[in-house]
Structures are given as structure tokens and as C-alpha cells.
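Please read the structure below before turning to the comments.
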There are 2 protein chains.
Amino acid sequence: MRRNRAAAFPIGDHVLRKLGIFVHLDATHLAELDRLLSETMSVDSLHDIVTEGESCKHLFLLTRGWAVRYKLLSDGRRQILGFIIPGDFFGLRATLFDVADDTVQSLTDCTVCRIPGEDFVAVLRDHPRLGMAIVWSIVREYSVLAEHLVSLGRRSALERTAHLLMELLNRLQLVRLAGERDFELPLTQEILADALGLSIVHVNRTLRRLRQQGLIRLDPQSRWIIIDRPDDLAEIADFSPLYLDQGTPPADSLLKAIRSQH
Amino acid sequence: MRRNRAAAFPIGDHVLRKLGIFVHLDATHLAELDRLLSETMSVDSLHDIVTEGESCKHLFLLTRGWAVRYKLLSDGRRQILGFIIPGDFFGLRATLFDVADDTVQSLTDCTVCRIPGEDFVAVLRDHPRLGMAIVWSIVREYSVLAEHLVSLGRRSALERTAHLLMELLNRLQLVRLAGERDFELPLTQEILADALGLSIVHVNRTLRRLRQQGLIRLDPQSRWIIIDRPDDLAEIADFSPLYLDQGTPPADSLLKAIRSQH
DNA sequence: GCCCGGCATTAAACTATGTTAACGATCCGG
DNA sequence: CCGGATCGTTAACATAGTTTAATGCCGGGC
């Protein structure tokens, strides 16, 4: 299995891919985006980048590695709200409200671009089309969260796990970090458990079932997963990728209206 | 028990209360809001106002009654994402993306204001402060959804139910539809089950436990609930109301920037 | 006044998931 | 090369939650 597919693509490429889904971006936008993303930083694994309850003055873009967004109960139980992969923004709500309502933690070594809140505001003003593309990409998070909620509420452990794997496959493919049916999955079973609302042991059992049914192959050493029968997995999960890329671009009228402000 | 507390307050009053949390609104805004909300309509109970997968060209504001936002699995299982109560907006994401990713259904007779998408865009342009207040109020939905997700993933049936009741108490108080510790709860146990990710039978058992512990009183006939010991209920639920009203107003710089667009 | 449909309630049997505990593999630092 | 830490794996047992089914209450139509 090959690693580091990401290295074959320049930073920013997968971001454009994602943003371009919503809005056509021209050369000016690309240049502006390059400027915006000039301040990159490396983050060690297991480091809190945004902390629940604290203030946060920056918008972030993850360009390498994995992170999670989670909340804790007072007795230490943890629920992971969602995974953040390259091309995902985070920290906007925290910046707007001056307080984060969840914690973002790196799971691996990561690279993030930090965009000062004021700079983002400036982009919204001077390059509304680009700014809006970023906003859409963040608003879309809501759909992912909603589908995750459905999983926790109404899908069995098997269905839920299958659904998460299909979601990750689709999202990673969008930024070219997954092949047709395989990708690197740098998650321990404990992390999966916290995301799926299950115990570690049951995650283990569930993955075993998926393996035994020939649906997936999973090598814990290499942290690589092969989804042998994605269609069957999708059927088990009642997975439909629509919620991920809500194809239609946002009402162009809104863009025009905002651009033409006096 | 008195009913129809709402009737004692003019439409728009609780909305202002909510919007005012974020941004100070002056007389101009109030007048504008009045105009914006001029088109009201009545909706029967159990009517789909926004349908998953369909287009939707309006932003809605619920001013009377209850509604839910839900998604269905292909075998008919239903998960309720959240409750919509007077003062809540819905339909914005659907309008922006030209497609709704969940269904909004009335649970009781409702009154809604329908705001054509273009009008909202115009407000964003001409009264950015008001427009942004509406946007904040919608963004805040994300926090509620996240907390709901934590409930489904990591709270027991008892904790989860307690948490939902506390959330509703707090949200209804904000729009003066709840007293110090009581409110009308026009939900069947089936609806609660679909929201809590539980079976009907287990919801019944759980409510009984809460009743027997002297935490709540619930009369299914009158659909009225009294929360006798809100503090204990909050403790069981690990409930903290912070996520509901994220006190700090949004970065004023953003408002200024948008207002000063040329 | 009667019947019917929707909802709440309960019990009993069942199942999915959690808990505890043990063991094995791999990696890493000394 | 050893010893400890982390993670994955499994089995046996405990429990929370589901399913099925039966009963009762209430309100509405006729």
C-alpha cells in the first residue's frame, strides 16, 4: 500500500477542489487564497487547537493530518462530533461568537493555516465570492453533523460504523486522500468508539463482523483500510452521499446582493 | 394551569427578545422586521412545511405552535433532529443551497411568517445588523444540534430525557412560553422517542422514573409539564445552559465590515 | 350511548451493547 | 535484549434498551 498520497499534491489544491464545488473561482481568487493561507503552522498529535469555552480569534484550515471536534461530559465521557480532514475549515463559529462551543484536537501531526479573524472579514468584504465559498463549506458541516446524529439515534452499531466509513471514504476522495476504495485511517478503536457512541470492545466486535462478511479489510499496523464492497457497505448503512456535497451552488442572487452593497 | 401564555404577547415580541441577545436593534430595525414578517400563514398540524430533497425559496419564522426537523431512514425509522418553537427561524440553509436536507413538520397548529429569499437578501444588504442577527440566531442551531448529538452518543436514557426537558424549559423561557418551572409540552411519547433515539416503551419507563423520583409532574391529558426540581434534573443531565445563548455578541468588526461595503 | 382510534401504560421475553478481565502484538526507550 | 506502554482481540458476564403484546383511558363521530 502506498502512503502519503497527499504529498503528491500541492497544498491548496484539494481546498480549491472543495471550494470550487460551490462557486467558480478565478485567478484573482486563487491568488487571494494563496495570500490568505500563507501563515501555516505545524501541530503535534494530541494537541488542543481550539478549546471549548475559550475564546478564539482565528479561522483555521487543516491542510495535513486529522483532527476531531469533541465535547466532554463532566464525568469524562467524550463524544466526538466529527472528524476534520485536509481541506476542512474550523474555528469560524468560535471566532464569531468569541467563544468555542467544542474542542478541536489534532489526532496526528497536522499542518494548519491560521487566518486571523480580521483577514477573513476583509476577504468577505473585498472578495465576497471567495468569502462566501468558505462560508458555504462551513455551513455544510451542519449536514454532516445531522447525519451523524441520525446514526447515533437510529442506526445499529453495524450500520453506524458502516456509515462512518462510507462518509470518510467519500470525503477523503474529494480531496484525493482516498483511492477508489481504500484510504489511510489513523484512528484507534477508542477514537472510533467516541465518535460512534459505542464502547471500545463493541467497536472491535463490529469491525470484526464487517471484516468477516468480506466488506472491509483493515490492517491496524499500517492503519490502512480497504473497503472491498462499498456498495454493500452503503446499503447496510443506508448511506447516500447527497448530504455531503449538496450539489447545487448557493443562490447566486445572494452573492450579487452582497457584492453590490454600497 | 393557565394556557396560552403566548396570547398575552404580540407576535414579534419574543422574536425581538431572541434577536436582541446578539445585537442591539433600534426602532428602524423593528419597523423593518415588522415589514419582513407581514406575510403570515396558518399551518395545520402534521403538515410538511419544508421537505427533504425538495427546493425551498423561503426563510420561515415560527410564531405559534411547535414543529420538528427530522430525517428518515429508508426503512421508515425516523430521527428528530430538533424542535422548533416560536421565535425560531428555519429554511435558510434550504434556501441558500436550493435543497433542504431535512424535513420540517408541524406538530400542532402553527403560525409561520414566510420571508421570500430575495427579501431576506435585501435585508442583509440594507439592514445588515438585522440580517446578521437573524443569521446568528440560525448559526446557534449548530450548538443545539451538537449537544443533542452528545446526548444520543453518551448519555443514558434518563440523562438524555432530563437534558431535553431542561433544554426545552430554557428555550421556552426565553420566549416567555414557560414559567419558572412549567410549560406546555404538546408532544406524544412517540415524538419524544424519535427525538431521543429510544423506543416508545422506554420513553414511558424513563418518564415514569423521573416522575417517581419527584423530579417532574406530567399530565398527558393537559400536555402540561411541571419540573419540580430543575436543579436536580440539570445535574442528572449534566446540563449547562451556556450552549443555548452563547452570551457574547458576535464580533462587531464583522458587522462594520459588511455594512461599509462599497 | 356506543364504538373506534390514538395514546399511555405495563409486563415479559429478548437482544444489543456495555463491563470486566485477561492476553497478545507491536513499538519504544534504556 | 528487556520492560513498560499502548493498542487490538477475545470471552464471560451484566445491563440497558427493544419488541411484542395486552390493557386501559380518553375523546370524537355517529
Side-chain angles (χ1 to χ4, degrees), chain A residues 44-46 66 68 73 75-79 107-109 151-165 184-213 216-225 236-237, chain B residues 44-46 66 73 75-79 107-109 151-164 184-213 216-225 236-237:
Chain A
D44 286 345
S45 152
L46 298 182
W66 286 57
V68 280
L73 296 187
D75 67 355
R77 277 175 287 178
R78 176 168 84 149
Q79 178 62 47
L107 293 178
T108 66
D109 286 1
S151 276
L152 296 190
R154 286 301 185 214
R155 281 192 254 253
S156 70
L158 193 75
E159 296 165 338
R160 229 182 272 186
T161 308
H163 195 277
L164 176 60
L165 294 177
E184 193 188 355
L185 184 72
L187 308 177
T188 65
Q189 295 187 350
E190 179 174 12
I191 293 171
L192 284 171
D194 283 345
L196 294 170
L198 299 170
S199 66
I200 301 181
V201 174
H202 202 56
V203 166
N204 186 290
R205 270 197 286 257
T206 305
L207 289 174
R208 180 174 49 185
R209 276 181 67 191
L210 290 173
R211 235 183 294 123
Q212 286 172 345
Q213 293 183 233
I216 66 173
R217 267 176 293 167
L218 181 51
D219 177 9
Q221 252 57 58
S222 74
R223 317 235 114 164
W224 206 273
I225 184 171
I236 288 175
Chain B
D44 286 344
S45 154
L46 298 182
W66 286 57
L73 296 187
D75 67 355
R77 278 176 287 179
R78 175 169 85 150
Q79 178 62 46
L107 293 178
T108 65
D109 285 1
S151 276
L152 296 190
R154 286 300 184 215
R155 282 192 253 253
S156 70
L158 193 75
E159 296 166 337
R160 228 181 273 187
T161 308
H163 196 276
L164 177 60
E184 191 188 355
L185 184 73
L187 308 177
T188 65
Q189 296 187 351
E190 179 174 11
I191 293 171
L192 284 171
D194 283 345
L196 294 169
L198 298 171
S199 66
I200 300 180
V201 174
H202 202 56
V203 166
N204 185 289
R205 267 199 289 261
T206 305
L207 289 174
R208 179 174 47 181
R209 277 182 67 191
L210 290 173
R211 234 184 293 124
Q212 286 172 345
Q213 293 183 232
I216 66 172
R217 268 175 291 167
L218 180 51
D219 177 10
Q221 252 56 59
S222 74
R223 317 236 114 163
W224 205 274
I225 184 171
I236 289 175

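By convention in this document, chain letters (A, B, ...) are assigned in the order of the sequence lines, proteins followed by strands, and residues within each chain are numbered from 1.
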State whether the side chain of [X] and the backbone N or O of [Y] hold a donor-acceptor pair below 3.5 Å, judged by distance alone.
X       : Y       : value
T206(A) : A157(A) : no
E159(A) : S156(A) : yes
R78(B)  : A195(B) : no
R217(B) : R211(B) : no
Q79(B)  : S151(A) : no

Problem set entry | side-chain contact (heavy atoms from CB on, under 4.5 Å) partners of D75(A), counting only residues at least two apart | L73(A), R77(A)
Exercise. For S45(A), which residues count as a side-chain contact (heavy atoms from CB on, under 4.5 Å) partner, sequence neighbours excluded?
Worked result: D109(A)
Which atoms of nucleotides 4-7 of chain D (N or O only) lie under 3.5 Å from a protein N or O atom, and what are those distances?
none

Problem set entry | Residue R209(A) excluded, over 12 heavy atoms near CZ under 6.0 Å | no
Distance-only donor-acceptor hits, side chain of residues 185-192 of chain B, under 3.5 Å, sequence neighbours excluded:
| from | atom 1 | to | atom 2 | distance (Å) |
| --- | --- | --- | --- | --- |
| T188(B) | OG1 | E190(B) | N | 3.4 |
| T188(B) | OG1 | I191(B) | N | 3.2 |
| Q189(B) | OE1 | N204(B) | ND2 | 3.0 |

Exercise. Considering the terminal five base pairs at each end of the helix from dG1(C)-dC30(D) to dG30(C)-dC1(D), what angle separates the two local helix axes, rounded to 10°?
Worked result: 30°
Exercise. Looking just at side-chain N and O atoms, do H202(A) and R205(A) make a donor-acceptor pair shorter than 3.5 Å?
Worked result: yes
Round to the nearest Å and state the distance from [X] atom [atom1] to [N] atom [atom2].
X       : N      : atom1 : atom2 : value
W224(B) : dA8(C) : CH2   : C1'   : 21 Å
L192(B) : dT9(C) : CG    : C1'   : 15 Å
L218(A) : dG8(D) : CG    : P     : 9 Å

Problem set entry | Base-contact (B) and sugar-phosphate-only (S) positions in nucleotides 10-23 of chain C, heavy-atom cut-off under 4.0 Å, - elsewhere | BBB----BBBB---
